[in-house]
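Read the structure below first, then the notes.
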Amino acid sequence: MQILDGKKVSNDIKEEIAAEVVKMKERGEKVPHLAAVIVGNDGASLTYVGSKVRSCERIGFESTLVQMPSTTSEQELLKKIEELNQDSDIDGFIVQLPLPDQIDTQKVIMAVHPDKDVDGFHPTNFGKMALDMSTFIPATPFGILELLERYKVDTKGKHTVVIGRSHIVGRPMSILMGRKGWPGNSTVTLTHSHTKNITQIISQADIVISALGVPNFLKAEMVKDDAVVIDVGITRVPDESRPRGYYITGDVDFENVSKKASYITPVPGGVGPMTIAMLLKNTLLARERHRSRS
């Protein structure tokens with residue numbers, strides 16, 4: 001069994017991007033600039049956005065954090081998004097989800113200009129991804145592809161089962177694993193809450209990608225020997241005995257599943273760090289596109 005170490009690989013990617021930024025500075029070019037918009041004060045979102053800002057500083061990107069109160073109206077947020085769309089100094093930006101109830105998330109995703117949509121959520125970018133065209137791939141699926149590639153995990157002709165059909169992870173992952181090329185060329189089954197015989201389907205998988213958000217859903221008896229297991233789930237489970245009052249776990253019963261798997265991602269330290277690294281990679285790509293156009 002080999003651990004797919006997202007922490008190590010994400011650090012490697014950040015170092016590669018940092019080296020690229022040094023070259024940009026030496027050529028007298030503008031360095032990439034990533035902005036993040038956060039509405040409200042959700043603890044997990046603040047932590048996540050904070051780590052993005054720190055990562056930008058570490059690799060030499062410019063970064064802007066736009067904090068808006070939880071009472072922000074949809075119109076106010078859309079106005080701020082339009083300002084960022086028009087700001088030529090900003091190469092890419094993200095709007096941290098989830099958003100407060102008074103704001104329509106779909107409207108917000110549609111409002112972000114596709115050229116600055118480094119999250120890869122806009123239908124234009126999603127459509128290009130589905131058609132194998134060059135575009136921004138959503139950061140979490142992009143990170144999973146990168147892990148599979150760097151650990152040389154064979155995906156050709158394999159049966160990949162994706163658990164969960166969210167627009168952010170499950171659905172794009174199912175498209176990417178079935179695309180021509182590598183990682184890809186696998187036969188994909190997309191499962192969800194209404195899938196019948198889900199345990200039987202998972203037991204046939206060579207590669208399992210779980211993005212369900214249900215702690216310890218995937219048990220050892222559900223996976224076959226030598227399966228590749230990618231755990232996208234990350235849940236805070238309350239636990240008064242811990243200093244923070246909670247512990248973080250994934251969708252996979254790691255202790256037992258790891259005894260059967262050929263490759264497995266830990267939680268934390270697996271897919272999570274890769275998401276931030278690939279967001280930075282998308283921002284670098286955005287800067288290069290904007291430079292070539294200008």
Side-chain angles (χ1 to χ4, degrees), residues 6 9-10 13-14 16-17 20-21 24 30-38 48-49 51-53 55-56 59 61-64 66 81-82 84-97 105-150 166-184 209 211 232 271-294:
V9 174
S10 70
I13 292 166
K14 286 174 188 173
E16 290 160 16
I17 296 171
E20 196 59 45
V21 171
M24 293 169 105
K30 175 189 174 302
V31 300
H33 187 163
L34 173 67
V37 181
I38 185 162
Y48 189 48
V49 170
S51 62
K52 288 173 183 172
V53 171
S55 294
C56 283
I59 63 172
F61 280 16
E62 290 180 19
S63 66
T64 299
V66 180
I81 289 169
E82 190 50 34
L84 295 170
N85 283 336
Q86 299 297 331
D87 188 342
S88 60
D89 189 50
I90 288 171
D91 297 296
F93 68 95
I94 61 141
V95 181
Q96 184 65 36
L97 304 178
T105 301
Q106 205 61 51
K107 274 190 190 173
V108 168
I109 288 169
M110 292 293 290
V112 177
H113 195 286
D115 283 351
K116 294 193 176 189
D117 168 41
V118 287
D119 258 337
F121 293 164
H122 193 282
T124 296
N125 290 325
F126 197 99
K128 284 182 174 179
M129 178 202 69
L131 294 169
D132 274 347
M133 295 166 72
S134 176
T135 189
F136 298 121
I137 297 173
T140 300
F142 196 6
I144 293 167
L145 292 181
E146 196 75 14
L147 270 179
L148 293 171
E149 189 173 326
R150 295 202 181 209
S166 76
H167 297 165
I168 294 170
V169 182
R171 200 165 301 181
M173 206 66 243
S174 68
I175 294 166
L176 293 162
M177 290 301 287
R179 68 181 180 168
K180 285 183 181 178
W182 179 70
I209 301 170
V232 188
V271 174
M274 292 300 298
T275 299
I276 293 176
M278 303 322 281
L279 180 72
L280 299 173
K281 198 158 186 174
N282 274 344
T283 306
L284 179 65
L285 177 65
R287 170 85 296 268
E288 288 170 350
R289 283 187 189 168
H290 296 153
R291 181 177 56 81
S292 62
R293 281 180 190 170
S294 60

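Computed from a predicted model, the values in this text were never measured in an experiment.
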Starting at [atom1] of [X], measure out to [atom2] of [Y] and round the result to the nearest 0.5 Å.
X	Y	atom1	atom2	answer
S55	L280	OG	CG	5.5 Å
L279	S10	CG	OG	12.5 Å
H113	E82	NE2	CD	9.0 Å
M133	N125	CE	CG	10.5 Å
K281	I17	NZ	CD1	6.5 Å
K52	Q96	NZ	CD	4.0 Å

Fill in: Working for side chain to side chain contact (heavy atoms under 4.5 Å, CB included), residues H167 and I109
CA-CA 12 Å; H167 297 165; I109 288 169; over 6 Å; no
For residues [X] and [Y], determine if any side-chain heavy atom of one lies less than 4.5 Å from a side-chain heavy atom of the other.
X	Y	value
F93	I81	yes
R150	I13	yes
I168	L97	yes
H33	T64	yes
I59	E20	no
W182	E149	yes
M278	T140	no
P32	L284	yes

Worksheet item: Under 6.0 Å from the CE atom of M24, do we count more than 12 heavy atoms belonging to anything else shown?
Response: yes
Fill in: CA sep, side-chain torsions, deciding dist, call: M274, I144, side chain to side chain contact (heavy atoms under 4.5 Å, CB included)
CA-CA 7 Å; M274 292 300 298; I144 293 167; over 6 Å; no
Whether the side chain of [X] engages the backbone of [Y] through a donor-acceptor N/O pair (distance < 3.5 Å, no angle test) should be reported.
X	Y	answer
K116	L84	yes
K14	A277	no
N282	I137	yes
D115	R289	no

To check you understand the geometry: which heavy-atom pair defines the closest contact between [X] and [Y], and what is its length?
X	Y	result
I94	V118	CG2-CG2, 3.8 Å
P138	F121	CB-CE2, 4.3 Å
A111	N85	O-ND2, 2.9 Å
S166	P172	O-CD, 3.6 Å
R179	D132	CB-OD1, 3.5 Å

Worksheet item: Who are the side-chain contact (heavy atoms from CB on, under 4.5 Å) partners of I175, not counting sequence neighbours?
Response: F126, M129, A130
Practice prompt. Please name all residues satisfying side-chain contact (heavy atoms from CB on, under 4.5 Å) with Q106, sequence neighbours left out, ordered by chain then number.
Written response: D104
Fill in: Trace of the side chain to side chain contact (heavy atoms under 4.5 Å, CB included) decision for D89 with E62
CA-CA 10 Å; D89 189 50; E62 290 180 19; 3.8 Å; yes
Discussion item. We want to know whether T283 and D91 form a side-chain donor-acceptor pair, criterion being a heavy-atom distance below 3.5 angstrom.
Written reply: no
